[in-house]
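Presented below is the structure to which this report refers.
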Amino acid sequence: MPARLIDGKAIGAAIRTEVAAAVAEAVAAGRRPPGLAAVLVGEHPASHLYVRNKARACEEAGIRSFRHLLPARTSQAGLEGLLADLNRDEAVDAILVQLPLPEGLDSRRILGRLDPAKDVDGFHPENVGRLTIGRPTFVPCTPAGILELLDRSGVELRGAEAVVVGRSDLVGKPTALLLLHRHATVTLCHTRTKDLAAHTHRAQVLVAAAGRPRLVTGAMVREGAVVIDVGINRVDGVLIGDVDFASVAARAGQITPVPGGVGPMTIAMLLKNTLLAYTRRTGQPA
Ligand code: NAP
């Protein structure tokens, strides 16, 4: 039987509606709306598109967005100065620095300058550490979205064999940690993994985040597995995932499409994290 589709568009929209309702309630009670500052350095067209989409999603949810578009020649000190101002700004609950930064800027140092209480991307070392030891934190938006997709699709994680392909700080590693905290037995694969198929074949939950088009094929997947495709690859102008959808959907129990799976969850989780930052900072339930 072909796999059931996990509809990230619908699940993402439901989360955005939940956030908008909570914001409307706070504003109706006379409180200020949450605020998110997005910092973008340079002219990278895809980054401009991402920041525009994030700002639009904020506004639709009633969250104020402050866009800081800086020229590529911005200095390290200049950018750190802006972050210090945003850290102090009472109207700003959440700050995101759009990556990658232009060459010459030290991303690690910049991310370390964020107030951890406003770091809604979860990139500050303190938040990374808190995630590692399973303490409340901001979970990076894409991994948080993956867990939300699994939860809202009724997937049992406790005791499940979970395999994550890709070990980046942005996606693979935090996803593996989240699955581990939920008591899955987790295997993390990467380019030096000897027999990738031997691992993926064991997975009841398989997350593909390698950035390699159609890396995971039907023959590599266990019958009935839940397959989450994080990959976004543009091949001949078409967006395709890390999973060969047709062959994998024929064996899997549930599967995310590309586009329309993990992608829409990333912005939805950014809004959710912004609401969380607001709630923690104002000490009020939103
Ligand atoms: P990344 O930093 O390039 O990391 C890729 C990881 O995959 C690395 O750990 C790499 O291993 C591993 N890998 C690459 N080829 C492999 C192979 N043949 N076999 C096993 N492992 C392999 O990428 P990323 O930032 O994690 O992103 C991964 C994908 O997700 C990309 O397509 C990206 O566009 C997409 N993405 C989507 C969203 C979304 O919202 N849907 C968000 C973020 C990223 P090594 O460590 O050994 O090099």
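Every heavy atom of this structure was used, including side-chain atoms; hydrogens, water molecules and symmetry mates were not. Both ligands and their constituent atoms are indexed starting at 1 by order of listing.
At a cut-off of 3.5 Å, with distance as the only test, a side-chain donor of Thr266 or Thr142 sits close to an acceptor on the other residue.
Among all non-hydrogen protein atoms, the one lying nearest atom 9 (O) of ligand 1 is Arg167 N, 2.8 Å. In terms of protein heavy-atom proximity, atom 42 (C) of ligand 1 is nearest to Thr142 OG1, 3.2 Å. Regarding atom 18 (N) of ligand 1, its nearest protein heavy-atom neighbour is Leu215 CD1, 3.7 Å. Closest protein heavy atom to atom 29 (C) of ligand 1: Gly211 N, 3.6 Å. Nearest protein heavy-atom neighbour of atom 30 (O) of ligand 1: Val230 O, 3.4 Å. In terms of protein heavy-atom proximity, atom 5 (C) of ligand 1 is nearest to Ala210 O, 3.6 Å. Shortest contact from atom 33 (C) of ligand 1 to any protein heavy atom: Ile232 N, 4.2 Å. Protein heavy atom closest to atom 1 (P) of ligand 1, with residue, atom name and distance, is Ser168 CB, 4.1 Å.
With a 6.0 Å radius and a threshold of 12 heavy atoms from other residues, nucleotides or ligands, Arg113 has its CZ atom above the threshold. The environment of CZ in Arg222 is crowded: more than 12 heavy-atom neighbours from other residues, nucleotides or ligands sit within 6.0 Å. Other residues, nucleotides and ligands contribute over 12 non-hydrogen atoms within 6.0 Å of the CZ atom of Phe66.
Heavy-atom contacts of Leu170 reach the following atoms of ligand 1: 25 (O) (cutoff under 4.0 Å). Close approach of ligand 1 to Gly166 (heavy-atom distance below 4.0 Å) involves ligand atoms 6 (C), 7 (O), 9 (O), 12 (C). Each of the following atoms of ligand 1 lies closer than 4.0 Å to a heavy atom of Ala209: 5 (C), 6 (C), 7 (O), 28 (C). With ligand atoms numbered from 1 in the order given, ligand 1 contributes 40 (O), 41 (N) to contacts under 4.0 Å with heavy atoms of Gly263. Of all atoms in ligand 1, numbered sequentially from 1 with element shown, those under 4.0 Å from a heavy atom of Val171 are 26 (O), 43 (C), 44 (C). Close contacts of ligand 1 with Val165, meaning ligand atoms under 4.0 Å from a residue heavy atom, involve 20 (C), 21 (N). For ligand 1, the atoms closer than 4.0 angstrom to any heavy atom of Thr266 are 39 (C), 40 (O). Heavy-atom proximity to Arg192, at under 4.0 Å, picks out these atoms of ligand 1: 47 (O).
By the criterion of a heavy-atom distance under 4.0 Å, both the backbone and the side chain of His190 are placed next to ligand 1.
Figure legend: Arg31 and Tyr278 shown without cation-pi pairing, the cationic atom not lying both under 6.0 angstrom from the six-membered ring centre and within 45 degrees of its axis.
A side chain to side chain contact (heavy atoms under 4.5 Å, CB included) with Phe123 holds for exactly one of Val128, Leu114, Leu170; it is Leu170.
Between Arg32 and Asp93 there is a salt bridge, since a side-chain N of the basic residue sits under 4.0 Å from a carboxylate O of the acidic one. Look at Arg152 and Glu148 and you find a salt bridge, because one of the NZ, NE, NH1 or NH2 atoms lies within 4.0 Å of a carboxylate O, short of that distance.
Remark: side-chain polar atoms of Arg251 are paired, donor with acceptor, to backbone N or O of Gly218 under 3.5 angstrom.
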* Is there a side-chain contact (heavy atoms from CB on, under 4.5 Å) between Asp244 and Val216 once you walk through the steps? -> CA-CA 6 Å; Asp244 179 46; Val216 175; over 6 Å; no
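For Asp236, there are no salt bridge (charged side-chain N to carboxylate O under 4.0 Å, His left out) partners two or more places apart in sequence or in a different chain.
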Please output the side-chain donor-acceptor pairs of residues 202-212 that fall under 3.5 Å, not counting sequence neighbours, one pair per line with the distance.
unit_1	atom_1	unit_2	atom_2	d
Arg202	NH1	His199	ND1	3.3
Arg202	NH2	Thr187	OG1	2.8
Gln204	OE1	Glu161	N	2.8

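With Leu99, Val216, Thr191 as candidates, the residue nearest to atom 22 (C) of ligand 1 on a non-hydrogen basis is Thr191.
Counting only heavy atoms, the protein never gets under 4.0 Å from atom 3 (O) of ligand 1.
When only interatomic distances are considered, the shortest N/O to N/O separation between Asp242 and ligand 1 does not fall below 3.5 Å.
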